[in-house]
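Reading through the structure tokens given below for one structure.
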Amino acid sequence: MNAITYELLHIDKNSGARRGVIHTPHGDIQTPIFMPVGTQATVKAMTPEELKEEVKAQIILANTYHLFLRPGHNLVKEAGGLHKFMNWDRPILTDSGGFQVFSLGALRKIKEEGVEFRSHLDGSKKFISPEIAMEIEEALGADIIMAFDECCPYPSTYEYTKKSMERTTRWAARCKEAHKTVDKQGLFGIIQGGFFEDLREQSAKDLIAMDFPGYAIGGISVGEPKEEFLKMLKFTTPLMPDNKPRYLMGVGTPDYLIEAALAGIDMCDCVLPTRIARHGTAMTSHGKIVVRNATYERDFSPLDEECDCYTCKNYTKAYIRHLINTKEILGVRLLSIHNLRFLTKLMERVRIEIENDNLLNFRDEFYKNYGYTKE
RNA sequence: GGGCAGGUGGUCGAGUGGUUAAUGGCACCAGACUGUAAAUCUGGCCGCGAGAGCGUACGAUGGUUCGAAUCCAUCUCUGCCCA
């Protein structure tokens, strides 16, 4: 019996967007969904209570590579698993470390067997193979676990991308083979293939043959132009099974989230809202604003008049700017709450618009208000 | 009244005759950030100018010198010590 199942509720008649529910051991997830990232078993600056009450997050991410290094997966297991360790009782998804193959590019060596990392913390050698990734992810105990893959940089040559994608496929098979906790954790395969349609097609075909309970698109949103992003998104999503969750990895700007939903994606995650919060920027319904800028010195209005979050209900731009500029932790916290809530609320709206077969119109309206030009 | 030390761009502080409109830090002003090596990184920061450039600048004034923030004189201000 699969730990993860997908239930389709409605398809937007005017787009491919789908409204559904993902059933997990820690509860249901209404989709499409935005998932906050909590790499080191914490969504930076947020308590689990805030994530539930203020952000209204349904599921969060954590990271295999980072938790493997510190505090170590065995310690987390000893603590009773990630849920108990971090006091979060809703669903969790762990990324496999495949993104670190990309982001720590200078510090790792890829072999067929796996990836040898030089720890970004102390330079020591840390080896992760598909089997080790599974061992770590099973010890962490997330509801959804990702197969160990390689996220290719942009741009990459056809030859490299093909080689990498084929290796990722072999790794996926090894992950599936090594994965023992099938009834407790759903293992998702990750479609790679860079920006080459035939490679995406091949990757999708081979992974689907392995019958994972869910599928992700990896390796896009890695610095390519939006046009390229949309092209691959629209090409790859229809290749994915329609009776299983579809997860677009690493997507986080409001326009990308809407485009993803339009294409038929169910899940997205991104560090962007929390990162730019720490750097003094807020997403609002009228575009992003750098609150730390002098323009807001005497702006005694909320970040976003249309937002219902704790921050917007209680604090002004001028105050948040003051907190950010004086490097007070509260500034980071207030902006993080707001940015995360902005995206979860956006997705709540997206779900309603899908039910009303109106997501395309909403996209146009949103773009206009946000200040996005076109696609 | 006497002695000593010192006054540098928003600020702290380098620089002790020539690539010096003047090192750095901080503050300030902007930009970037998309499965987190990120509470980080990048750029700007005397005035005018798109730019080459021009004009003002190292307490004040005068001097030495081809050339001074840097040397000399006087004045002035600050700190410490003595009376």
In terms of hydrophobic clusters joined by side-chain contacts under 4.5 Å, are A/Phe85 and A/Leu51 together?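 Shared cluster, yes.
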
Is there a Watson-Crick or G-U wobble partner for [N] with both distances under 3.5 Å, and if so, which one is it?
N     : value
B/A30 : B/U42
B/U56 : none
B/U11 : B/G25
B/C4  : B/G79
B/G18 : B/C66
B/G35 : none

Are A/Tyr65 and A/His120 close enough that their ring centres sit under 6.0 Å apart?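 Yes, they do, as the ring centres are separated by less than 6.0 Å.
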
Quick one: are the ring centres of A/Tyr319 and A/Phe300 less than 6.0 Å apart?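 Centroid distance A/Tyr319-A/Phe300: not below 6.0 Å, so no.
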
Quote, to the nearest angstrom, the [atom1] distance that separates [N] from [M].
N     : M     : atom1 : result
B/A68 : B/C58 : P     : 12 Å
B/A5  : B/U74 : P     : 15 Å
B/A32 : B/G18 : C1'   : 41 Å
B/C46 : B/U23 : P     : 10 Å
B/G62 : B/G53 : C1'   : 32 Å
B/G25 : B/G31 : C1'   : 22 Å
B/G3  : B/C75 : P     : 12 Å
B/A22 : B/G17 : C1'   : 15 Å

Indicate yes or no: does A/Asp143 engage A/Arg90 in a salt bridge with an N to O separation below 4.0 Å.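 No.
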
Give every residue pair that meets the side chain to side chain donor-acceptor pair (under 3.5 Å) criterion with at least one member in residues 29-44 of chain A, sequence neighbours excluded.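 Qualifying pairs: A/Arg19-A/Gln30.
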
Protein-to-nucleotide contact annotation, 5' to 3' order, nucleotides 30-39 of chain B [B base; S sugar-phosphate only; - none; under 4.0 Å, heavy atom]: BBBBBBBBBS

For A/Glu7, is the CD atom crowded, meaning more than 12 foreign heavy atoms sit under 6.0 Å from it? yes

Look at atom CZ of A/Arg170 and say whether more than 12 heavy atoms of other residues, nucleotides or ligands are closer to it than 6.0 Å.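 Enclosed.
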
